Amino acid sequence: MDAFLRDMAEGPRKIAVVGHFGTGKTEFAVSLAFALAAGGISPLALVDLDIENPYFRSREQGDNLEQAGVRVYSDAYGGKSATELQTLDPAIRAPLEDERCRVICDLGGDPEGARLLNQYTRYFREDARLLFVVNKNRPGTDTAEKALGQLRSIEAMTGLSVTGLISNTHLLRLTGREEVLEGWTFTRELSRETGIPALCACCPKALLPELADADLPLFPLGLYMRPTYLDRPV
Amino acid sequence: MSRILMKGNEAFAEAAIRAGVRCYFGYPITPQNEIPEYMSHALPEAGGAFIQAESELAAVSMAFGASASGGRVFISTSSPGLALMQEGMGFLCSAETPLVALNVSRGGPGVGGIQPGQADYIQATRGGYNGDAKLLVFAPAGIQECVDLLYKAFDIAEEYRNPVLILADGMMGQMMEPVELPEPKGITPEDKLNETRPWAITGTDAHPGRNVVFSLRMQPDELEAHVEKLFEKYRRAEQELVKWQEYDLEDAEVVFVAFGTVSRLCLEAMELLGEQGIKAGLIRPISLWPYPYQAFDKLGSKTKLVVSAELSMGQMIEDVKLGVKGRWPVALVHRTGGIVPGSREIADKTRKLLEGLK
């Protein structure tokens, strides 16, 4: 396990993933769950708290995650409903209460998506971290000012403080070395302004060899949420 | 201009604004809700008007009024919403009023579900409205193509004075893709509307006499002449607007026909079939009406089977058969209910169909 993953495995037990809509929170949360499970972390839970999006929700990886040993919690229908009903499984509190269980909570985008955390606030006051995912290629967070605005609005909405920044600047199949490096520079700039540590730069697994010489903490993304046919250029 | 990462629905809304749209009327329905959400803040910032209507029927009626008075108007909805808008579509065609409508389609019938569907094909190409009329229908297969089609669609709608429908399924609305947005177009100043849209109701200060935009024609000979005039436009559309793309047709043993999201699945299925030594090609209709029937004339003697791949019980297959004209067997590979099949499933079903021919 590298330093970032060890920190995620041994640091604060409850991890909430927040950020601007469409920055890649779900892909990061799912990849983190698979990586921790592969590193032998158990019990481990992924809580899908996205009730904004009708598609591309982490519960869609539920069967694969369960097979990897990750308990998945989402809606009151066991994640099997393809609806956007704003229901949550009451059992979500179980992994949050269980002090042996490491929990990753995947929130919906923007302050509106992060609002769901409010009903679980007491679990996030201690032994918890709030990770803010940043993607410079999204129009809503393409400047430090806008990204900071998002971050502060999410903090205001949840009453919690962001404890770490996750760099996830990408262009899907067009992501190259430059995107990852520029994204990391951007996230570090945000880090300097806020004093919040920049923890890692996400990188699609296939791109890792191109960044072998780069001196930055890379976190390999599995692209579990992206069906390959969507990257067929037409 | 550099590429940015956008969700389909956000990009479609922004493309419409850049195409000069200043009027949007909508009612929330998944999976296109990001469009009215985006319009609600971005359109007033651009100097336009966003109104959340009390229903889809109200939205299309507001659009009719705004367009009749010279506005560049955009509406969006998803399948059950477009069903409600059908009355308006017929009125707009009859009154020769331009409009661009986007259907981010989902599973049906009825309220159906919210996952992607293509079962509105018949409605889009044959009409759910009454009377002799046609919508000009385009089906993009990606966010960039949808942005580009939308950007042009307003000019087509105004040139033909007829509604244009963009049929993009839910996957396209919800997925993300890098996109390059077009430059913003200027809008026609109000005092120039009389030059660009002399038929529009812009007040008698702007034009001599009175303009009337209407669909009621009580005299049969007058109505027949009007419908004949509409169909002259549709015959011109059949000459000017047919659009499709071909992939690997040469030597293809099996030819897929698919639009939208399914065409991307077929491209992946073609690779899987290729690994098994089966040469496969694809015809991807971009205009659904007028339909690219002529695309099938290019198929050669090596073709053994034409497969219509759809997210419905088989609707486009009727047009595929019209294009094929009995020259090759036509089969259907499909899922419905909002299920998007995997490319492996498409490849396996196609291989079995080919084996069944032998």
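Within every chain, numbering begins at 1; the chains are lettered A, B, ... in the order of the sequence lines, protein sequences first and strands thereafter. This structure is a prediction, so every number in the text was calculated from the model and none was measured.
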Query - Stepwise side-chain contact (heavy atoms from CB on, under 4.5 Å) check, R3(B) with N137(A) - result: CA-CA 8 Å; R3(B) 291 188 187 196; N137(A) 286 332; over 6 Å; no

Query - Side chain to side chain, M171(B) and L230(A), heavy atoms closer than 4.5 Å - result: yes

Report task. Using a 4.5 Å cut-off on heavy atoms from C-beta on, say whether the side chain of F56(A) contacts that of K7(B). Result -> no

Might you confirm whether atom [atom1] of [X] has over 12 heavy atoms from other residues, nucleotides or ligands at distances under 6.0 Å?
X	atom1	value
Q276(B)	CD	yes
D63(A)	CG	no
K146(A)	NZ	yes
E193(A)	CD	yes

Choice from [options] maximising heavy atom contacts with chain A below 4.5 Å:
options	value
E271(B), Q144(B), E14(B)	E271(B)
P140(B), G113(B), G338(B), P116(B)	P116(B)
G170(B), A141(B), G142(B), C266(B)	G170(B)

**Report entry** Donor-acceptor contact below 3.5 Å, side chain Q174(B) vs main chain Y55(A)
**Finding:** no

Query raised in the report: Between the side chain of R232(A) and the main-chain N/O of R264(B), is any donor-acceptor distance below 3.5 Å?
Result: no

Query - Closest contact, heavy atoms only, S263(B) versus V234(A) - result: OG-CG1, 4.3 Å

**Report entry** Atom of P139(A), atom of L5(B) and distance for their closest heavy-atom approach
**Finding:** CD-O, 3.4 Å

Report task. Go through the atoms of D142(A) and report whether side chain, backbone, both or neither lie under 4.5 Å from a heavy atom of chain B. Result -> neither

Query raised in the report: Side chain, backbone, both or neither: which part of T23(A) has an atom under 4.5 Å from a heavy atom of chain B?
Result: neither

Query raised in the report: Roughly how far, to the nearest 0.5 Å, is CE of M175(B) from CZ of R226(A)?
Result: 4.5 Å

Query - K136(A) side, atom NZ; I4(B) side, atom CD1 - distance, nearest 0.5 Å - result: 11.5 Å

Query - Test: R138(A) and E10(B) ion pair at under 4.0 Å - result: yes

